[in-house]
Amino acid sequence: MNPDQKIYVAGHRGMVGSALVRKLRSLGYENIVTRTSRELDLRQQEAVQDFFADERPDYVFLAAAKVGGIMANNTYRGQFLYDNLMIEANVIEAARVHEVKKLQFLGSSCIYPKMAPQPLTEDALLTGPLEPTNEPYAIAKITGIKLCDAYRSEYGCDFISVMPTNLYGPNDNYDLQSSHVLPALIRKFHEAKKENRPEVVMWGTGSPKREFLHADDLADACVFLMQNFSDYGFVNVGTGEDLSILSLAETIKEVVGYEGKITKDPTKPDGTPRKLMNVDKLHAMGWHHRIDLRDGIERVYAELEDQDWY
Ligand code: GFB
């Protein structure tokens with residue numbers, strides 16, 4: 001990848017895609033092509049083919065996806081499966097037809113079996129049943145990995161996959177019904193502090209454990225892997241450290257400066273008990289995350305003035 005070549009970042013308005021564009025620009029890559037979902041509906045095969053024929057990108061980061069937290073995944077099961085299958089099939093096929101030099105597909109740690117041994121190594125894929133709340137999303141993401149592998153084997157395409165852990169960062173979704181836990185709790189503690197409310201409700205039991213990576217670290221890893229990894233399979237991207245949802249809530253409570261109580265809502269699902277990534281493969285290649293969780297939460301919290309609920 002050099003600065004004269006054209007790079008298509010699919011999903012540039014999302015948290016991951018926008019972090020990728022910032023990272024690429026900071027490294028001197030200016031020839032970046034993007035389309036909003038209104039300009040190009042990636043679920044439409046012909047529109048995607050036309051776009052690739054017109055733009056002829058050299059490199060593709062496939063960060064466009066229908067995403068959300070545990071409730072969104074569990075409620076919009078059809079959309080999560082259909083939209084993600086269509087987006088990845090259309091983009092990967094167009095990249096093949098129009099001879100993209102290299103494509104990177106972004107998945108998620110929910111591809112692993114619910115009860116896979118922790119920390120999750122790349123070879124645990126397809127060794128057991130998935131977590132039911134996000135099975136449709138996981139199946140779509142597993143299909144994306146398999147498409148890249150099958151295109152490498154049948155057509156010789158240099159298409160790779162990257163599996164990030166749970167992410168947070170600028171341009172995250174703060175809608176309390178559809179968001180992930182970290183942005184949801186930042187908003188809940190902030191509003192409770194502003195309105196002097198006595199308690200903040202945390203969904204589930206607080207005992208599941210999760211690992212969190214800042215989107216800027218992920219973008220750095222994605223560019224690194226585009227330059228240093230060309231193979232079947234995929235590479236986990238994470239910090240290698242996790243914490244319980246209750247500990248996360250306590251950390252966010254401190255960062256926000258809220259003094260009330262944390263209560264539990266056991267009617268909401270816990271999801272996977274734990275999904276800690278094994279990041280040995282990535283570390284062995286020489287990449288390590290830089291933003292620790294507490295610093296990352298402080299950074300994100302300091303950047304929220306433009307949110308209408310702030
Ligand atoms: O981040 P989250 O929605 O998704 O939830 P997953 C993580 C944990 O936090 C669950 C708890 O145990 C939730 O019950 N939690 C506590 C909350 N309070 C809240 C809250 O206010 N909002 C939310 N959203 N959760 C998603 C998958 O799973 O992770 C996707 O559904 C994807 O497929 C994504 O892989 C990274 O970590 O459980």
Side-chain angles (χ1 to χ4, degrees), residues 14-16 63 65-77 79-81 83-85 106-114 116 118 120 125 130-145 162-169 172-192 197 199-215 218 234 236-239 242-253 256 258 261-277 293 297 300 309:
M15 181 171 70
V16 173
K66 171 116 189 144
V67 300
I70 192 164
M71 288 295 274
N73 266 267
N74 201 19
T75 310
Y76 305 111
R77 298 176 72 86
Q79 287 181 50
F80 272 73
L81 184 52
D83 288 5
N84 287 309
L85 284 175
L106 282 113
S108 159
S109 58
C110 68
I111 56 153
Y112 286 111
K114 177 170 183 165
Q118 307 278 328
L120 300 154
L125 184 73
L130 298 161
E131 153 63 26
T133 55
N134 59 34
E135 191 190 70
Y137 182 72
I139 287 185
K141 290 296 182 184
I142 293 169
T143 305
I145 298 169
V162 167
M163 288 314 113
T165 189
N166 288 36
L167 303 167
Y168 66 100
D172 208 343
N173 168 17
Y174 286 86
D175 174 82
L176 292 179
Q177 290 312 307
S178 60
S179 67
H180 290 100
V181 60
L182 194 150
L185 289 177
I186 290 182
R187 178 172 177 171
K188 285 181 181 177
F189 282 115
H190 178 78
E191 288 183 336
R197 289 199 221 131
E199 62 172 43
V200 161
V201 179
M202 176 187 67
W203 291 357
T205 60
S207 58
K209 294 182 90 178
R210 294 288 184 274
E211 174 186 7
F212 296 94
L213 181 75
H214 194 285
L218 174 70
F234 55 91
N236 286 342
V237 182
T239 64
D242 63 357
L243 79 173
S244 71
I245 296 299
L246 181 58
S247 302
L248 174 76
E250 281 161 352
T251 307
I252 296 176
K253 177 179 158 174
V256 171
Y258 172 68
K261 280 198 309 188
I262 299 172
T263 54
K264 298 175 186 174
D265 176 359
T267 67
K268 295 286 195 302
D270 268 348
T272 307
R274 195 176 184 202
K275 44 178 171 177
L276 175 64
M277 294 287 215
L293 181 58
I297 294 172
V300 162
W309 52 267

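Sequential numbering from 1 along the given sequence is applied to the chain's residues. We count ligands from 1, going down the list as the structure has it; atoms in each ligand are counted the same way.
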Around [atom], find the nearest protein heavy atom and jot down its residue, atom name and distance.
atom                    : value
atom 17 (C) of ligand 1 : Val181 CG2, 3.4 Å
atom 27 (C) of ligand 1 : Asn134 ND2, 3.3 Å
atom 10 (C) of ligand 1 : Asp270 O, 3.3 Å

Can you find a heavy atom in the side chain of [X] that is under 4.5 Å from one in the side chain of [Y]?
X      : Y      : value
Glu135 : Cys110 : no
Tyr76  : Asp83  : no
Lys253 : Ile262 : yes
Val181 : Ile245 : yes
Leu182 : Asp172 : no
Leu81  : Ile139 : yes

Practice task
Report yes or no: does Tyr258 contribute a side-chain atom to a donor-acceptor pair with the main-chain N or O of Glu199 at less than 3.5 Å?
Solution key: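 Judged by distance alone, yes, a pair lies under 3.5 Å.
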Practice task
Verify, without hydrogens or angle tests, whether Tyr112 (side chain) and Leu276 (backbone) share a donor-acceptor contact under 3.5 angstrom.
Solution key: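 Side chain of Tyr112 to backbone of Leu276: no pair is present.
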[X] touching ligand 1 at heavy-atom level, < 4.0 angstrom:
X      : value
Lys188 : yes
Ile245 : yes
Thr133 : no
Glu131 : no

Exercise for the section: Measure the acute angle between the ring planes of Phe80 and Tyr137, then classify it against the limits of 30° and 60° as parallel, tilted or perpendicular. Expected result: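 The rings of Phe80 and Tyr137 stand perpendicular, inter-plane angle above 60°.
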Identify, by atom number and element, the atoms of ligand 1 in contact range of [X], meaning under 4.0 Å from any of its heavy atoms.
X      : answer
Lys275 : 6 (P), 26 (C), 28 (O), 29 (O), 35 (O), 37 (O)
Ala184 : 20 (C), 21 (O), 22 (N)
Asn73  : 27 (C), 30 (C), 31 (O), 33 (O)
Ser108 : 32 (C), 35 (O)
Cys110 : 33 (O), 35 (O)

Quick one: does [X] get an N or O within less than 3.5 Å of an N or O on ligand 1?
X      : value
Asn166 : yes
Gly271 : no
Ile70  : yes
Met202 : no

Specify the closest pair of heavy atoms between [X] and [Y], including all atoms of both residues, with the distance to one decimal.
X      : Y      : answer
Ser109 : Met277 : CB-CE, 3.4 Å
Gly204 : Asp270 : CA-OD1, 3.3 Å
Asn134 : Lys275 : ND2-NZ, 4.2 Å

Problem - Ser179, portion touching ligand 1 at heavy-atom distance under 4.0 Å - result: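 The backbone, only.
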Handout entry: Location of contacts on Pro269 toward ligand 1, heavy atoms closer than 4.0 Å
Key =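 Looking at Pro269 and ligand 1, just backbone atoms fall under 4.0 Å.
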Problem - Selected option - heavy-atom contact closest to atom 34 (C) of ligand 1, from Arg210, Lys264, Glu135, His180 - result: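 The option holding the nearest heavy atom is His180.
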Handout entry: From the candidates Phe212, Trp203, Tyr112, Phe80, the one that places a heavy atom nearest atom 23 (C) of ligand 1
Key =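 That would be Trp203.
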